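Right, one structure below, let's go through it.
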Amino acid sequence: SRSTKSLSSKERLSSRERCPRASGLESLLPLVSSVEETPEPIPTTIKGTIPAWINGSFLRNGPGKFEFGDDRYNHWFDGMALMHRFHICQGSVTYCSRFLRSDSYVNNSEKNRIMISEFGTSAMPDPCKNFLERFLSRFQLPKATDNANVNFVKYKGDYYVSTETNYMRRVDPQSLETKEKVDWSQYIAINSATAHPHYDHEGASYNMGSSYGRSGYFYNIIRVPPPTTATEDSADLTGAEVICSIPAAQSRKPSYFHSFVMSENYIVFVEQPIKLDLLRFMLYKIQGKPFQKIMTWEPRCDVIFHLVDKHTGQSEVKYRAAPMFTLHQINAFEDNGFLVMDMCCGDDGEIIGDFTLENLRRESVQEMDEFYNSLCRNLPRRYVLPLNVDEQTPLDQNLVTLSYCKATATKTKPGEVYVTHEELHGDELLQYGGLEFPQINYNKHNGKPYRYFYACGFGHVFADSLLKMDVRTKELKVWRYPGLYPSEPVFVASPKAAEEDDGVVLSVIITPRKEKSTFLLVLDAKTFTELGRAEVPVNIPCGTHGVFNEMG
């Protein structure tokens with residue numbers, strides 16, 4: 001039929017093509033400029049009402065310094081980690097911030113130059129060395145950075161800041177003081193770990209890490225046990241273990257990953273077509289080129305979902321899907337023999353390398369429009385994996401029998417299932433440029449059936465709206481004002497919450513239009529209307545991720 005043809009044509013469009021093109025976008029230069037830290041708490045000005053029951057600290061992380069001396073970083077991800085704390089108590093809010101005293105920050109500060117390579121910037125050999133020393137240094141493996149500017153994470157009750165290397169830094173969530181450097185490889189045999197662990201209801205932490213050696217390249221699922229009674233103030237990852245190692249489909253071209261999927265009983269690793277070229281990595285080290293240049297988008301490769309039983313570590317059936325790119329999962333849960341998993345997905349994995357400071361600091365309206373319109377748009381999708389696939393499972397028929405799911409799963413050969421997704425949104429979302437940075441009522445609904453998630457809409461290069469999505473009805477609620485750019489929304493449940501969305505959503509709002517006009521926004525999570533804001537007389541750059549520390 002004509003409508004069927006129209007629908008098929010629409011579905012063939014990429015996520016970028018389905019969203020409207022932007023015109024007249026403003027410059028975001030102030031949002032990616034260096035700022036000073038505010039180490040001592042300062043008061044904020046309250047407008048409206050901050051609910052008195054909110055008692056804790058909203059902690060955020062992100063790049064905050066982009067140069068040392070005459071050296072400049074190339075990529076947004078390279079900036080030195082700046083930690084922020086909004087302390088909320090009895091309706092009042094104070095703010096403070098500190099740069100993470102990582103080895104990278106300290107060494108760069110002492111030498112007043114970039115001493116350690118970051119994602120998009122290679123540190124040049126020390127000019128004080130003689131020619132032979134500088135030449136030979138090109139052939140040494142680069143020292144991994146401990147510039148942990150992505151997220152706040154918890155292991156055994158302690159807070160750490162994390163990036164995607166094997167190094168984390170333990171921090172004091174009250175003072176933001178930098179504590180000891182922690183090397184994952186001192187506890188388990190991995191070379192890196194994500195900044196997005198998951199937590200189960202017993203208090204154990206799970207993460208994904210990679211390892212490589214003579215036997216190949218592996219993706220490793222890590223478990224850190226729940227906290228015990230602390231005897232001393234020090235980092236403790238004892239008991240950490242690798243519960244499953246998954247060999248890469250291409251050992252010389254493993255997949256990049258930023259997070260993973262977890263339900264109550266399963267973990268899913270998404271092996272996607274963003275590849276890390278390890279041979280190019282060694283060549284680029286000699287040539288002095290940055291890490292971002294070794295990442296390639298290879299859409300000829302399918303996505304592989306590796307399903308792992310958390311309790312046994314077994315991974316048997318492979319689930320394949322059409323090429324896509326994902327950074328963040330929304331949630332996953334099990335239902336009647338199926339694993340339902342929701343995530344933010346795009347059709348173009350080139351996006352990560354695009355966020356250079358040169359691109360983000362474009363001041364020409366036309367150039368900013370061109371850059372934004374070239375970027376991928378991420379949209380929420382639902383995939384469904386049948387859990388009970390065996391030799392008797394029939395071939396070439398849709399195995400998904402959940403009445404509320406349009407996603408499909410078809411066994412194509414022994415041990416392999418091909419899945420297609422369901423769009424987890426209506427057309428209205430396209431007007432907001434898709435979404436990213438999804439958050440749910442994590443404490444109550446992580447790994448369980450849920451109805452709502454909160455995210456940022458991307459009508460600009462950085463988020464310019466806050467969204468609440470109902471996954472049952474695919475309806476949206478929106479907070480959006482011209483010139484205001486929100487951070488990742490974090491949900492905080494009210495003390496006597498009876499429903500999933502009883503609580504507030506916290507987000508830090510920044511603007512390029514006016515100096516020192518940052519504010520902490522508090523939205524009613526149910527109605528998505530503003531309750532109050534806490535205005536901070538400082539500049540805050542665009543950040544990455546955050547958490548709410550109820551013990552703050």
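Remember, it's a predicted structure, so these values are computed and weren't measured experimentally.
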Report yes or no: does [X] contribute a side-chain atom to a donor-acceptor pair with the main-chain N or O of [Y] at less than 3.5 Å?
X	Y	value
Lys156	Thr238	yes
Glu271	Ala249	yes
Gln186	Asp183	no
Asn207	Thr194	yes
Asp78	Gly120	yes
Asn446	Asn443	no

Ion pair [X]/[Y], N-O distance below 4.0 Å:
X	Y	answer
Lys275	Glu298	no
Lys411	Glu391	no
Arg16	Asp347	no
Lys444	Glu500	no
Glu422	Lys474	yes

Under 30°, 30 to 60°, or over 60°: which ring-plane class applies to [X] and [Y], parallel, tilted or perpendicular?
X	Y	answer
Tyr442	Tyr199	perpendicular
His75	Phe119	perpendicular
His328	His196	perpendicular
Phe325	Trp297	perpendicular
Tyr217	Tyr212	parallel

Heavy atoms only: give me the nearest [X]-[Y] pair and the separation to one decimal.
X	Y	result
Asp146	Asp103	OD2-N, 2.8 Å
Pro323	Cys301	CG-O, 3.4 Å
Asp342	Tyr450	OD2-OH, 2.5 Å

Review point. On the ring face of Tyr454, is Lys468 found with NZ or CZ under 6.0 Å from the centre and within 45° of the axis?
Key: no

For [X] and [Y], test the side chains for any donor-to-acceptor distance below 3.5 angstrom and give the result as yes or no.
X	Y	result
His258	Tyr256	yes
Asn166	Ser192	no
Asn61	Asn151	no
Thr121	Glu118	no
Ser210	Asn191	no
Asp335	Tyr404	yes
Asn74	Thr356	no
Thr420	Lys406	no
Tyr206	Arg223	yes
Thr473	Glu475	yes
Asn265	Glu334	yes

**Study point:** Enclosure of Lys318 NZ (heavy-atom neighbours >12, cutoff 6.0 Å)
**Key:** no

**Study point:** Within 6.0 Å of CZ in Arg252, more than 12 heavy atoms from elsewhere
**Key:** no

**Study point:** Name of the residue among Tyr219, Phe218, Phe305 meeting ring-ring contact (aromatic ring centres under 6.0 Å, His included) with Phe269
**Key:** Tyr219

Point to revise | Verdict with supporting geometry, Asp233 and Lys179, salt bridge (Lys or Arg N to Asp or Glu O under 4.0 Å) | key: CA-CA 10 Å; Asp233 182 24; Lys179 296 193 174 183; 3.0 Å; yes

Exercise for review: Test Leu399 against every option in Thr393, Thr410, Val384, Leu385 by the side-chain contact (heavy atoms from CB on, under 4.5 Å) rule and name the one that passes.
Suggested key: Thr393

Check your understanding: Do you know which of Ser102, Ser104, Ser117 makes side chain to side chain donor-acceptor pair (under 3.5 Å) with Thr145?
Key -> Ser104

Check your understanding: Is there a salt bridge (Lys or Arg N to Asp or Glu O under 4.0 Å) between Lys448 and Glu264 once you walk through the steps?
Key -> CA-CA 7 Å; Lys448 297 181 179 180; Glu264 195 164 2; 5.5 Å; no

